[in-house]
Amino acid sequence: MLTLWLKAFHVIGVVTWFAGLFYLPRLFVYHAEATEGVIRDRLKVMERRLLVMTHIGGALAIVFGIATLASEPFYLRAGWLHVKLVLVLLLVIYHGMLVKLTRDFATGRCTWSSRALRWFNEAPGVLLLVIVILAVVKPF
Ligand code: HEM
């Protein structure tokens with residue numbers, strides 16, 4: 001029963017985290033293409049606030065994921081979970097890149113093209129697809 005509660009909050013954290021992982025890089029695309037200062041200033045505020053929500057979602061997903069793991073020792077022997085954790089590490093690295101890009105846009109130092117940012121924006125979708133299949137189907 002406890003595991004189910006922990007898992008519920010884990011999934012709530014994952015959904016919140018992904019709202020930011022999907023939409024923050026999309027804001028960067030608009031930012032890189034914006035020509036008016038007033039629009040860039042508005043985007044800076046939106047990016048800063050969305051980053052805070054992304055931190056909260058990421059922290060909830062990881063804390064409740066680890067708590068779910070700790071509540072049932074047999075998870076530690078599951079092959080799918082080991083692969084999932086490697087992919088979660090990639091998500092954490094991606095999150096770190098969002099922090100850096102938010103800072104660079106805030107100070108006008110971002111050199112990424114909007115095309116590169118559009119490709120960058122695809123990565124969390126691919127990771128989400130694989131991680132959810134691993135967690136739900138548990139193929140190995
Ligand atoms: C440190 C990070 C994480 C840990 C330790 C962790 C651990 C776990 C554990 C132990 C379960 C329970 C599996 C089960 O009972 O079937 C679970 C479920 C789940 N996890 Fe994670 N997880 C983490 C991050 C993530 C991320 C980033 C995502 C999404 C991209 C995710 C998506 C899911 C989903 C959808 C379930 C529900 C599976 C089901 O009920 O069938 N997890 N996680």
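Counting convention: from 1, in listed order, for ligands and their atoms alike. Excluded from the calculations below are hydrogen atoms, water molecules and symmetry mates; all remaining heavy atoms, backbone and side chain alike, are included. FYI, the numbering just counts along the sequence from 1.
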Looking at F18, which atoms of ligand 1 are within less than 4.0 Å of one of its heavy atoms? 30 (C)

What protein heavy atom sits nearest atom 16 (O) of ligand 1, and how far away is it? K138 NZ, 2.6 Å

Just wondering, are more than 12 heavy atoms of other shown residues or ligands nearer than 6.0 Å to CZ in F9? no

Please state which part of L85 comes within less than 4.0 Å of ligand 1, counting heavy atoms only: side chain, backbone, both or neither. side chain

Here the N/O/S atom of H10 closest to atom 21 (Fe) of ligand 1 would be NE2

Can you get from L117 to I39 by hopping between Ile, Leu, Val, Met, Phe, Trp and Tyr side chains that sit under 4.5 Å apart? yes

Student check: side-chain heavy atoms of T102 and L24 closer than 4.5 Å: yes

Please identify which atoms of ligand 1 are closer than 4.0 Å to at least one heavy atom of L69. 10 (C)

So which heavy atom in the protein is nearest atom 26 (C) of ligand 1, and how far is it from that ligand atom? V14 CG2, 3.8 Å

For atom 11 (C) of ligand 1, find the nearest protein heavy atom and state the residue, atom name and distance (0.1 Å precision). T68 CG2, 3.9 Å

Check this for me, if you would: do E36 and R42 make a salt bridge, where the nitrogen-to-carboxylate-oxygen distance has to be below 4.0 angstrom? no

Using a strict cut-off of 4.0 Å, indicate which atoms of ligand 1 neighbour a heavy atom of W80. 13 (C)

Check each heavy atom of L91 against ligand 1 and say whether those closer than 4.0 Å belong to the side chain, the backbone, both or neither. side chain

Of all the non-hydrogen atoms in the protein, which one sits nearest to atom 22 (N) of ligand 1, and at what distance? K84 NZ, 2.7 Å

Verify, without hydrogens or angle tests, whether H55 (side chain) and L50 (backbone) share a donor-acceptor contact under 3.5 angstrom. no

Determine the sole option in R48, K100, E47 for which the side-chain contact (heavy atoms from CB on, under 4.5 Å) test with F105 is passed. E47

For I131, counting its heavy atoms only, list the atoms of ligand 1 lying under 4.0 Å from any of them. 28 (C), 29 (C), 30 (C), 31 (C)

Does a side-chain heavy-atom distance below 4.5 Å link W17 with I62? yes

From the options A8, A135, G65, A61, select the one whose nearest heavy atom is closest to atom 7 (C) of ligand 1. G65

Are the aromatic rings of W112 and F28 close, with centres under 6.0 Å apart? no

Counting each atom of ligand 1 from 1 as listed, which ones have a heavy atom of L128 under 4.0 Å away? 30 (C)

Got more than 12 heavy atoms from elsewhere within 6.0 Å of CZ, R26? yes

When you measure from the heavy atoms of E72 to every atom of ligand 1, does any distance fall below 4.0 Å? no

Could you check atom 37 (C) of ligand 1 against the protein and tell me its nearest heavy-atom contact, residue, atom and distance included? V11 CG2, 4.2 Å

Ligand 1 versus F64, non-hydrogen atoms closer than 4.0 Å: side chain, backbone, both, neither? neither

Atoms of ligand 1 under 4.0 Å from any heavy atom of V88, numbered from 1 in the order shown, are 2 (C), 24 (C), 27 (C)

Hey, are the side chains of L87 and L134 touching, using non-hydrogen atoms and a 4.5 Å cut-off? yes

Candidates L129, V130, V136, I131 - the one meeting side-chain contact (heavy atoms from CB on, under 4.5 Å) with I133: L129

Tell me which protein heavy atom sits closest to atom 39 (C) of ligand 1, plus the residue, atom name and distance to 0.1 Å. K7 NZ, 3.9 Å

Which atoms of ligand 1 sit under 4.0 Å from any heavy atom of Y75? 10 (C), 12 (C), 13 (C), 14 (C), 15 (O)

Contact check, side chains of L98 and F120, non-hydrogen atoms, under 4.5 Å: yes

What are the atoms of ligand 1, with element, lying closer than 4.0 Å to any heavy atom of W17? 27 (C)

